[in-house]
Structure formats: C-alpha cells, structure tokens
Amino acid sequence: IFANWLRGYGLLLIVEHNNDLMSLYGHNQTLLKKVGDKVNRGEVIALVGQSGGQMLSGLYFEVRKAAKSIDLRNW
C-alpha cells in the first residue's frame with residue numbers, strides 16, 4: 001500500500017495483510033515492489049540499505065494492527 005521515501009524511514013515499503021495487519025520495512029536501498037503489486041510468502045520485496053539517515057545498513061521492521069504498532073515480543 002506504500003512504496004516510497006518517507007522522512008526518518010528512508011525507502012519504506014508497507015505491505016497490507018489480512019485482518020487489518022500491515023508490515024513496514026524501512027531503510028531500504030532498493031524497493032522491488034510498487035503499490036498494487038501482489039506479494040507472495042518468501043518473496044524478496046526490497047534490498048536492505050542505509051537510507052533515511054542511517055550510518056550503517058539495517059532494516060526497520062514493524063507490524064501494525066488497525067494502524068497501532070504491535071509489540072512483537074509477544075509473538
């Protein structure tokens with residue numbers, strides 16, 4: 001549902017799942033999907049990088065349900 005640059009997140013990809021779930025992937029070097037593309041389980045969707053002002057390569061990952069962040073430690 002989103003594939004573009006967002007301040008603080010760099011190149012950000014947001015994937016919409018069932019049950020009001022979204023997964024966010026930030027600080028990418030390259031996005032391999034665009035808005036409207038279907039994503040299959042196990043498919044590479046982006047190449048991690050250091051966009052968004054990061055000093056080192058790394059991935060920002062977040063899961064949201066109904067627009068609220070979920071604490072992944074419970075998963």
Side-chain angles (χ1 to χ4, degrees):
I1 62 171
F2 186 87
N4 209 333
W5 181 271
L6 185 63
R7 193 174 92 191
Y9 294 91
L11 283 174
L12 176 67
L13 189 69
I14 302 176
V15 177
E16 184 177 42
H17 305 272
N18 295 330
N19 302 325
D20 288 330
L21 286 175
M22 292 184 277
S23 53
L24 291 75
Y25 307 85
H27 303 307
N28 295 291
Q29 189 65 37
T30 304
L31 301 178
L32 302 176
K33 294 291 184 178
K34 60 186 184 301
V35 173
D37 285 351
K38 181 171 175 57
V39 175
N40 296 305
R41 182 178 296 184
E43 187 174 7
V44 177
I45 58 175
L47 303 177
V48 72
Q50 59 189 59
S51 64
Q54 299 302 302
M55 299 298 280
L56 300 172
S57 290
L59 174 70
Y60 174 83
F61 176 72
E62 180 180 347
V63 175
R64 292 183 178 215
K65 181 168 178 73
K68 292 185 72 176
S69 184
I70 294 175
D71 184 352
L72 296 176
R73 291 178 289 186
N74 297 324
W75 285 27

Practice task
Determine, using the 4.5 Å side-chain heavy-atom cutoff (strictly less than), whether Met22 and Trp5 are members of one ILVMFWY cluster.
Solution key: no
Exercise for the section: Please answer: with hydrophobic residues joined when any side-chain heavy atoms are less than 4.5 Å apart, are Ile1 and Leu24 in the same cluster? Expected result: yes
Problem - His27 NE2 to Leu59 CG distance, which is reported to the nearest 0.5 Å - result: 8.5 Å
Exercise for the section: Test Asn40 against Lys38 for side-chain contact (heavy atoms from CB on, under 4.5 Å), laying out the working first. Expected result: CA-CA 7 Å; Asn40 296 305; Lys38 181 171 175 57; 3.7 Å; yes
Exercise for the section: Under the side-chain contact (heavy atoms from CB on, under 4.5 Å) rule, what do Leu12 and Leu31 come out as? Steps first, then yes or no, please. Expected result: CA-CA 8 Å; Leu12 176 67; Leu31 301 178; over 6 Å; no
Exercise for the section: Please report the C-alpha distance between Phe61 and Tyr25 in whole Å, then the side-chain angles of each, then the deciding distance to 0.1 Å, and finally whether the ring-ring contact (aromatic ring centres under 6.0 Å, His included) criterion is met. Expected result: CA-CA 5 Å; Phe61 176 72; Tyr25 307 85; 5.3 Å; yes
Fill in the blank from the handout: Between the CD atom in Gln29 and the CD atom in Gln50, the distance rounded to the nearest 0.5 Å is 6.5 Å
Problem - Single-linkage hydrophobic cluster, 4.5 Å side-chain cutoff, Tyr9 and Ile70 together - result: no
Exercise for the section: Is it possible for you to say whether Val39 and Val63 belong to one hydrophobic cluster, with membership spreading through side-chain heavy-atom contacts below 4.5 Å? Expected result: yes
Handout entry: Nearest heavy-atom neighbours spanning Lys33 and Ala3
Key = O-CB, 3.7 Å
Problem - Expected output: side-chain Asn19 to main-chain Leu21 donor-acceptor under 3.5 Å - result: no
Handout entry: Co-membership, hydrophobic cluster, residues Tyr60 and Leu6, 4.5 Å side-chain
Key = yes
Handout entry: Gap separating the CD1 atom of Ile45 from the CG atom of Asn28, nearest 0.5 angstrom
Key = 7.5 Å
Handout entry: Donor-acceptor pair, side chain of Ser51 and main chain of Leu11, under 3.5 angstrom
Key = yes
Exercise for the section: Return the set of residues passing salt bridge (Lys or Arg N to Asp or Glu O under 4.0 Å) with Lys68 (not counting sequence neighbours), or none when no residue passes. Expected result: none
